[in-house]
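Here is the structure we will look at, set down as C-alpha cells.
Chain identifiers are assigned alphabetically (A, B, ...) following the order of the sequence lines, protein sequences preceding nucleic acid strands; residue numbering begins at 1 within each chain. Computed from a predicted model, the values in this text were never measured in an experiment. These values consider heavy atoms only, across backbone and side chains, with no hydrogens, waters or symmetry-generated copies.
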Amino acid sequence: MHPYRTHNCAELNKDHVGETVKLSGWVHRKRDHGGVLFIDLRDTNGLTQCVVDEGSDLLAKIEKVRPESVVTVTGVVRIRPGETQNANMPTGDIELYIDAVEVQGASDVIPFQVAEDDGAGEEIRLKYRYLDLRREKMQKNIRLRNDVITSLRERMKGQGFQEFQTPILTASSPEGARDFLVPSRLNPGKFYALPQAPQQFKQLLMMSGFDKYFQIAPCFRDEDSRADRSPGEFYQLDMEMSFVTQEDVFNVIEPVMRGVFEQFADFSGENRTIPEGKFPQIPYLESMLKYGSDKPDLRNPLEIVDVTSVFARDDVEFKAFKGTIEKGGVVRAIRAPAVADQPRSFFDKLNSWAQGEGAPGLGYVKFENGEGAGPIAKFIPTAAQDELKNLCGLEDGDAVFFICNKELPAAKFAGLARNAICDALPDGHVAEREKGEFKFCWIVDFPMFEMNEETNKIDFSHNPFSMPQGGMDALENQDPLDILAWQYDIVCNGIELSSGAIRNHKPEIMERAFGMAGYDKSVLEDKFGGMLTAMKFGAPPHGGIAPGVDRIVMILADEPNIREVIVFPMNGNAEDLMMKAPSEASAEQLKELNIKLDMPKAKVKSEAA
RNA sequence: GCGGGCGUAGCUCAGCUGGUUAGAGCGCCGCCCUGUCACGGCGGAGGUCGCGAGUUCAAAUCUCGUCGCUCGCGCCA
C-alpha cells in the first residue's frame, strides 16, 4: 500500500464499502463524544469523515491531535448507520473506521480558524497566508485563477496565437509608471528595469515575423496600491498581432472575454450574463460626456446631458451657474427617473454627499404635475424648463440634478454623481443598477495628444507608440489636440480591464509625433533606439491589447479586493510580511554592487516590530 | 505626499456622556459524554485597552503627538 494514500478525501463512496483504504490530509474538525470521536479529514479535493471509538486503543492518541495537523489514516470504509448519513457531503454516505494513524505534521494552536470564516483581518491572514489559503473560499478563488488562465491560454491558442516569454531583467519601457530597478553587478553603476509590460518586446516580435503572440505576462510598476490594484506586480494577458486593424483586435478579444466570462459566470453563486451582440464601442469624448468617465459602468442606466444652453438663456437667472458659464464653464444634468416622490432626505443626502466631495452642493429640479419644483426651480422660467425637458427627456415624476464647473471637472464630477444617485435609489427602483450582468464596452478614439496644464505644452495623452488616426497627414495638417489615436480601452462594469492600440510602425511618423510632444529625436534614439532601428528594417502594421488577469479573476470571483485572488499578495505598503520583503541588503551585497546607501535620517523605519 | 476609518484576550468585537474586580462569542486548557457533522455540558487560563505625553482626585474612554493596518486622492495612460 502507498505510504500516504490510496484515495483522496473526496472520492470514497458506497462502492468502496468494505475496502481497506488510506487517506492523508488535514484535521479539519474534531467532534469528540468521549466514547466516539469523529474527524473530518480534508485535502484540496474535499472532506471524509473518519471515526474511532472505545473499541480502539487509538482513541486517546487521536484525541490529542489538534486541528490543522496533517495525518495519515488507514482503515476500512463502512456505510454510516441509517439516520447519520449526511446528504450535504459528497462522501456523506460513508466513513472510514481508523485502524492506524500517523501524524505527519502536528499543528500548533492556529492563530485564526481555517474550518470557518472567523472574520480574521487581512494583516494576520497575510502573515499566515498558508493557513488562509487552506480555507475553502481561498482554495476556490485560487483555483478559479488557475482555471481562468488555462481558459485564456486555450482560447488564444485556439485562435492561432503562440505564447512566448520575454525578458524580466530589461530596460525601462514607456508605460509611464515608476520603474523597479535592479542593480547590475557586472556593469557597475547600471541598472536593469523590470518590465512595466512587455510592450517593446511584443512589438519586436511582430517585426520578427511572428504574426500572433500572447503571454500571461508578469508586469512590474512601482506605484501605490488600491483595492483593485496590487502594489508592484500583476499579470496581463498580453497579446499582439500583425496586419490588423483595430476591429481585428476587437474580433479576437471579444470572444475570449465573452467566452471566459460566460464559462465562469456562475462562480459567485448567481448566474450572471453578458448582453448578446458585439460589445458597444463608445468614443472617448462621448463617454466623458454621457458617463463622466472613460470607464463607464453601463449597468447604471443614468446618463449625463449638457444643458449649458439652458442656463445661458437670458430668462434664466441662476447666478451661481451663469458666472461659471461666462468663464467658459459648462452645466451637466443627470435625469433621475421617477424620484420626485422620494422624501426630502433623498435629495439632502445627495447634496451632502456632493459637499463631502468638495462641491458646493448638488442642485436639482423635480417635475410634478407638469411643474418644476425644488430649491432652484424658481430661477428657471417655464420656457427654459421646457428646453430642459427636451434636452434630458424629462417626464412628470422625474428629477434632474445639475453640475456646473469647467468642462473636465464638471464631466468627472457628473460621473461620480451619476453613480451616487444610482446607488441612492431604493431597491427595486426602475433606474437601479442592473444586477447579475457583465456589461462590456470598448472606449475608442482617444485623443493622441493633450495639453499639459502645468507646462502648457502638448504631451502624449496615452501610449506614445499608438498610431495617430490619419497617419502623417493628420500630424501635418490637423490641430494636434483634434488628432485621434488608434487607441482603445476595454471596460467591464466600470472596471478598466485593459488598454490597447494599433501601434505606430513607421519611424518617420514616430519621430514626428515625438517631436510634436516636445521630444528631440535624440531622446527617441536614446530611449527606444532599438525598436526604432527595427522599424527601419521592414515593420508590419500591428496592434494589440493586454487585459489584466487579476482584475478578470476579481470580477468573476465577485471580490472587492484584488488580494483575494492573488496567492501571495503584498500589503498596501508593498511589503510581504511573511517573507520579510523588502529587506535590507548585506554590506557584502552592497559592496559587490558598488552601492552606498544615503538614507534620509528622519525616515529610517525602526526595526522594532 | 495628503485625507477618512480602524487599533481592547490567540481571532472577531462590545465597553454611552471619564469612576474603582475591562466583558461576550469563537479558539485554547482540564473534566464529563458511543453517532456527531458549527456536537453538547461543566470548569479554567488568557489583556502594560498599539505606543508616548498631557488634562484630571481618577483615562480603554478626553486632548496632542507617534506608529501600524485599511479605504480613497495624488500617482498608475
Side-chain angles (χ1 to χ4, degrees), chain A residues 28-41 47-56 59 63-64 66-68 80-89 91-92 95 97 107-128 131-132 173-179 196-197 199 219-232 234 284 294-295 356-358 412 416 443 446-450 459-466 485 487-489 496 498-501 546 548 560-561 563 571-573 575 577 602-603 605-606 608-609:
Chain A
H28 186 68
R29 268 202 182 89
K30 249 177 19 175
R31 290 178 297 279
D32 187 349
H33 292 245
V36 60
L37 182 147
F38 301 96
I39 283 178
D40 290 335
L41 196 67
L47 294 171
T48 300
Q49 175 166 287
C50 305
V51 199
V52 67
D53 62 21
E54 277 179 338
S56 168
L59 183 60
E63 274 181 326
K64 292 200 173 63
R66 270 196 287 259
E68 293 311 311
R80 293 199 200 178
E83 295 291 294
T84 69
Q85 294 186 1
N86 187 342
N88 298 321
M89 261 175 101
T91 61
E95 63 192 8
Y97 186 85
S107 175
D108 283 349
V109 174
I110 47 181
F112 53 82
Q113 296 310 294
V114 169
E116 62 194 88
D117 181 4
D118 63 357
E122 252 206 320
E123 198 175 0
I124 193 153
R125 286 177 55 209
L126 291 184
K127 184 174 176 189
Y128 301 96
L131 288 179
D132 188 40
S173 50
E175 299 298 306
R178 199 176 288 117
D179 283 320
Q196 295 182 30
Q199 181 68 34
C219 303
F220 305 90
R221 297 181 189 178
D222 186 7
E223 298 294 349
D224 288 356
S225 70
R226 290 287 184 275
D228 64 352
R229 200 168 83 203
S230 62
F234 59 97
Y284 170 80
D294 59 1
K295 41 183 177 180
E357 295 287 321
K412 285 185 176 174
L416 295 177
I443 306 299
F446 279 86
M448 184 80 197
F449 300 102
E450 64 185 8
D459 204 350
F460 291 111
S461 63
H462 290 88
N463 189 324
F465 288 179
S466 302
Q487 163 92 38
Y488 37 85
D489 281 4
E496 181 192 322
S498 178
S499 282
N561 193 304
R563 292 185 290 270
N571 69 11
N573 294 328
E575 295 168 310
L577 297 177
K603 294 197 174 172
K605 278 194 181 181
S606 77

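Residue A:Asp224 contributes atom CG, which lies 15 Å from atom C1' of B:C69 at whole-angstrom precision. What separates CZ of A:Arg29 from P of B:C37 is a distance of 11 Å, to the nearest Å. For the pair A:Lys127 NZ and B:C11 C1', the computed distance is 13 Å after rounding to whole Å.
Side-chain to base pairing of A:Arg80 with B:U36: one donor and one acceptor N or O lie within less than 3.5 Å of each other. Contact annotation: side chain of A:Gln49 to base of B:U36, donor-acceptor pair present below 3.5 Å. A donor N or O paired with an acceptor N or O is not found under 3.5 Å between the base of B:C11 and the side-chain atoms of A:Arg125.
For A:Arg31 and B:U36, the shortest distance from a side-chain N or O to OP1 or OP2 is not below 4.0 Å. Contact check, A:Arg226 against B:C73: a side-chain N or O comes under 4.0 Å of OP1 or OP2. For A:Asn573 and B:C69, the shortest distance from a side-chain N or O to OP1 or OP2 is below 4.0 Å. Distances shown here put a side-chain N or O of A:Asn571 below 4.0 Å from the OP1 or OP2 atom of B:C69. Contact check, A:Asn561 against B:C71: a side-chain N or O comes under 4.0 Å of OP1 or OP2.
In this structure, of B:C11, B:C69, B:C26, it is B:C26 that holds the atom nearest to the side chain of A:Gln113. Among the nucleotides B:C26, B:C11, B:C69, the one closest to any side-chain atom of A:Glu116 is B:C26. Closest contact between the side chain of A:Glu575 and the listed nucleotides B:C11, B:G35, B:C69 involves B:C69.
Counting non-hydrogen atoms under 4.0 angstrom, A:Gly34 reaches a base of the nucleic acid. A:Asp228 comes within 4.0 angstrom of nothing in the nucleic acid, heavy atoms only.
Here the separation of B:C39 from B:G1, taken at their P atoms, is 48 Å to the nearest Å.
The side-chain ring of A:His33 is stacked on the base of B:C39, judged by centre separation under 5.5 angstrom and plane angle under 30 degrees. Stacking between A:Phe38 and the base of B:U36 is present: ring centres sit under 5.5 Å apart and the planes differ by under 30 degrees.
Looking only at atom types and distance, the side chain of A:Glu68 has no donor-acceptor partner in the side chain of A:Ser107 under 3.5 Å away. Side chain to side chain, A:Tyr284 and A:Asp489 fail the donor-acceptor criterion of an N or O pair below 3.5 Å. Checking A:Gln196 against A:Asp179 by side-chain atom types alone, a donor-acceptor pair falls below 3.5 Å.
Within 6.0 Å of NZ on A:Lys30 lie more than 12 heavy atoms contributed by other residues, nucleotides or ligands.
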Measure all distances between protein nitrogen or oxygen atoms and nitrogen or oxygen atoms of nucleotides 29-31 of chain B, and list the pairs falling under 3.5 Å.
unit_1 : atom_1 : unit_2  : atom_2 : d
B:C29  : OP1    : A:Arg66 : NH1    : 3.3

query = Based on Watson-Crick and G-U pairs with both distances under 3.5 Å, what dot-bracket line describes RNA chain B 5' to 3', crossing pairs as [ ] and inter-strand pairs as |?
reply = (((((((..((((.....[...)))).(((((.......))))).....(((((..]....))))))))))))....
remark   = Nucleotide by nucleotide, nucleotides 40-49 of chain B touches protein heavy atoms under 4.0 Å in the pattern (B base, S sugar-phosphate only, - none) ----------
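Salt bridge absent: A:Asp224 and A:Arg229 never bring a charged side-chain N and a carboxylate O closer than 4.0 Å.
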